[in-house]
Amino acid sequence: MLDASEGYTTADGRKIGGVVMEMKNITLRFGGVKAITDISFDIREGEIRAIIGPNGAGKSSMLNVMSGFYVPQEGEVWFRGKPRPQMKPYEVARQGIARTFQNIALFEGMSVLDNVMTGRLTHMRTGMFSQALWKGRAEAEETANREIAEKIIDFLEIQAIRKTPVARLPYGLKKRVELARALAAEPKLLLLDEPMAGMNVEEKEDMSRFILDVNDEFGTTIALIEHDMGVVMDLSDRVVVMDYGKKIGDGTPDEVRNNQEVIDAYLGVEHD
Amino acid sequence: MSDQFVFAMEVTLNGLMAGVLYALVALGFVLIYKASGIFNFAQGVMALFAAMTLVGIMNGQVPFAHLINATFGTDLHHFGWHLPALLAIALTVGVMVLLAWCVQRFVFRHLVGQEPIILFMATIGLAYFLEGVADLMWGSEIKTLDVCLFGETGCLPQGINETIDTVTYGWFGYGFFIDNLDITATIVAAILVIALIAFSQYTKQGRALRAVADDHQAALSVGISLNFIWVLVWSLAGFVALVAGIMWGAKSGVQFSLSLIALKALPVLMLGGFTSIPGAIVGGLIIGVGEKLFEFAIGAPFLGGATENWFAYVLALVFLVFRPQGLFGEKIIERV
Ligand SMILES: Nc1ncnc2c1ncn2[C@@H]1O[C@H](COP(=O)(O)OP(=O)(O)OP(=O)(O)O)[C@@H](O)[C@H]1O
Ligand SMILES: [Mg+2]
């Protein structure tokens, strides 16, 4: 068992800290289908942790367990040194875990800025009655949150579309807005489900750069799911490999790349 | 100006004001439908329930008196006090919030993810249940509702508006009959709508509400409790129902036929779309004016009158054929 206090230094010299989240013997079933079978791994402070695997391996299911959208039949999720009691997704979000979705879940009827502002909801203190009574305080809070939202919009280079209704954006930009909304929560842990899926090469490069910058500048711990092996190898510090709901590899990109079981899984069931 | 035209103007004005009340009931529907996809058949009964509760509380009536007396052999009817209207309204709002919480906690929380038709059936059940509860709590006799905000003053005005009567007489040689109560209802409804819009645009809860109305998954992921928002939205709908209940109650007494106004909200929604607040308002006004004008121009002279009972539905039906999503509703695009 890993000691939460110990960390490591990456090849590029970044200091990785203690364990932020630990999945312990997670098993998840849908009726007869076993989406996840007895998987354990941890995510450390400041690292970029990838989960890879062929289609249907159970990656999204794992991310859904982490964010509270799915409740596993067996196993425990530890967050910041404590076992997490069963929580609703919104409670997990309020703990400082933000996420994006494989199929994009944005507020289509709202503008980009409004979408990003919803990411600030967990930080908004004033309720509706105090908002009515102490207008000044509410306005000050709104302004402060607005500034953070605008900063993130600048950071992700989407100023030009800040007032555009999300429904009108192309796919690649939607993915970026979704990332912006997640970042607006200033999460302790950021979960990204295939942030580059369906993008062209240029968009992928942009997204990779943003993910690295987020990790670098805000020190955000990131867990991401990705199909593209090349991208994963470039981005991540450590990789979990899943296949048919089982963990078949866990280590640095180099370790994983040379793991025979992983090679077989990818050669054997490579679909795309 | 011809007499007919002047009469038609008066009819139109009265229609607009009747439409305000239809719009108010429709608004309650839209709020709940947008946030949860539930078509709340009980909206009209909620207006009835709210109005009865308000009258009961104001008159110091003992709730469930009949039941208590039958069980314990007592003879309770009144507490012997009269509460000021403002306090009674505040208490009634509290009751409506409690009702919202109960509805969410005991019914819809257990039906999350069910088919819309099941949710709809549940609201039909709720409507009749609530009607029964209202009867049991406050009795079934017709009650008059006289709301005076400050003791003897600030009462809901009744009767013809003299100013309008005089002014229009000066203009047309014919004084319009416009009821003061209708004018008040229009003003109150306008304030209510502005307040609702301000709430949804500028408060944290309003933003969360819009988020839930847009996408449940995404709302959860930014830390919004769906349960909380649904209780909130049922509370808002309860509040809107109370306002509608007061206006209708003051106009025609608090009685069980009040719940039937919910049915008039149906054509309003077909016209305005189920998801649009402006739609509910414009729809309500169109129905209000439409049925009054039709009765005036065609119904009364040629069809023997009483066309107000069915005109709204026919209008909605015609509309449904040509624009199924309503005036402002989102376009329905078939998924293939
Ligand atoms: N809500 C659900 N209900 C039923 N089965 C599900 C559900 N979610 C996932 N599954 C099943 O669990 C298995 C793993 O699915 P999951 O989406 O986690 O895979 P994945 O690794 O993310 O695949 P992909 O690369 O295609 O996104 C699949 O067999 C899938 O059908
Ligand atoms: Mg997936």
Side-chain angles (χ1 to χ4, degrees), chain A residues 63-64 67-69 87-111 114-132 135 138-139 141-142 145 165-167 174 177-178 181-185 187 190-191 193, chain B residues 30 33-35 37 90 93-94 97 104 109 112-113 191 194-233 235-236 239 273 275-279 325 328-331 333 335:
Chain A
L63 200 107
N64 282 327
S67 55
F69 279 75
M87 275 185 182
K88 295 274 165 54
Y90 76 88
E91 293 171 310
V92 174
R94 289 177 187 181
Q95 281 205 317
I97 299 178
R99 67 164 295 173
T100 65
F101 295 83
Q102 182 167 355
N103 301 315
I104 304 182
L106 284 167
F107 305 114
E108 296 275 330
M110 297 186 197
S111 70
D114 272 351
N115 266 274
V116 179
M117 279 298 278
T118 62
R120 296 299 303 160
L121 278 171
T122 49
H123 294 268
M124 292 185 187
R125 290 276 149 262
T126 24
M128 56 183 145
F129 295 110
S130 47
Q131 246 165 316
K135 207 158 160 283
E139 269 167 14
E141 190 182 40
E142 175 82 8
N145 283 313
V166 160
K174 281 189 182 178
V177 174
E178 210 191 14
R181 185 182 65 197
L183 279 180
L190 177 61
L191 308 174
D193 197 345
Chain B
V30 170
Y33 188 78
K34 256 179 100 91
V93 170
V97 171
Q104 182 57 31
R109 195 161 149 179
V112 170
I191 293 172
I194 291 167
L196 276 176
I197 289 170
F199 169 78
S200 84
Q201 292 299 318
Y202 302 113
T203 68
K204 172 186 173 182
Q205 282 77 10
R207 191 173 267 136
L209 200 149
R210 279 187 293 138
V212 170
D214 202 315
D215 192 309
H216 291 178
Q217 297 274 317
L220 282 171
S221 82
V222 293
I224 298 168
S225 158
L226 297 183
N227 248 317
F228 174 79
I229 292 299
W230 287 332
V231 172
L232 177 70
V233 96
S235 303
L236 286 175
F239 184 69
T275 55
S276 165
I277 288 178
Q325 73 271 30
F328 299 85
E330 287 140 31
K331 232 199 190 90
I333 297 166
R335 289 226 180 113

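Throughout, protein chains are lettered first and strands after them, A, B, ... in sequence-line order, and every chain is numbered starting at 1. This structure is a prediction, so every number in the text was calculated from the model and none was measured.
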**OP:** Examine the side chains of A/Thr122 and A/Arg94 and answer whether a donor and an acceptor come within less than 3.5 Å of each other.
**Re:** no
**OP:** Taking atom CZ of B/Phe239 as the centre, report whether more than 12 heavy atoms of other residues, nucleotides or ligands fall under 6.0 Å from it.
**Re:** no
Original post:
Going from OG on A/Ser67 to CE on A/Met87, what distance comes out if it is rounded to the nearest 0.5 angstrom?
Top reply: 12.5 Å
**OP:** Let me know if A/Leu106 has heavy atoms under 4.5 Å from chain B in its side chain, its backbone, both or neither.
**Re:** backbone
**OP:** Go through the atoms of A/Thr118 and report whether side chain, backbone, both or neither lie under 4.5 Å from a heavy atom of chain B.
**Re:** both
**OP:** Could you look at B/Ala219 and say if it's the side chain, the backbone, both or neither that has a heavy atom under 4.5 Å from chain A?
**Re:** both
**OP:** Just give me the residue among A/Met117, A/Gln95, A/Arg99 that pairs up with chain B most often, heavy atom to heavy atom, under 4.5 Å.
**Re:** A/Met117
**OP:** For B/Val30 and B/Gly273, work out which heavy atoms get closest and say how close.
**Re:** CG2-O, 4.3 Å
Subject >> Contact class of A/Arg181 relative to chain B, heavy atoms under 4.5 angstrom >> reply: side chain
Subject >> Non-hydrogen side-chain atoms of B/Arg210 and B/Gln201 separated by less than 4.5 Å >> reply: yes
Original post:
Which region of A/Phe107, side chain (C-beta onward) or backbone (N, CA, C, O), has a non-hydrogen atom less than 4.5 Å from a non-hydrogen atom of chain B, or is it both or neither?
Top reply: both
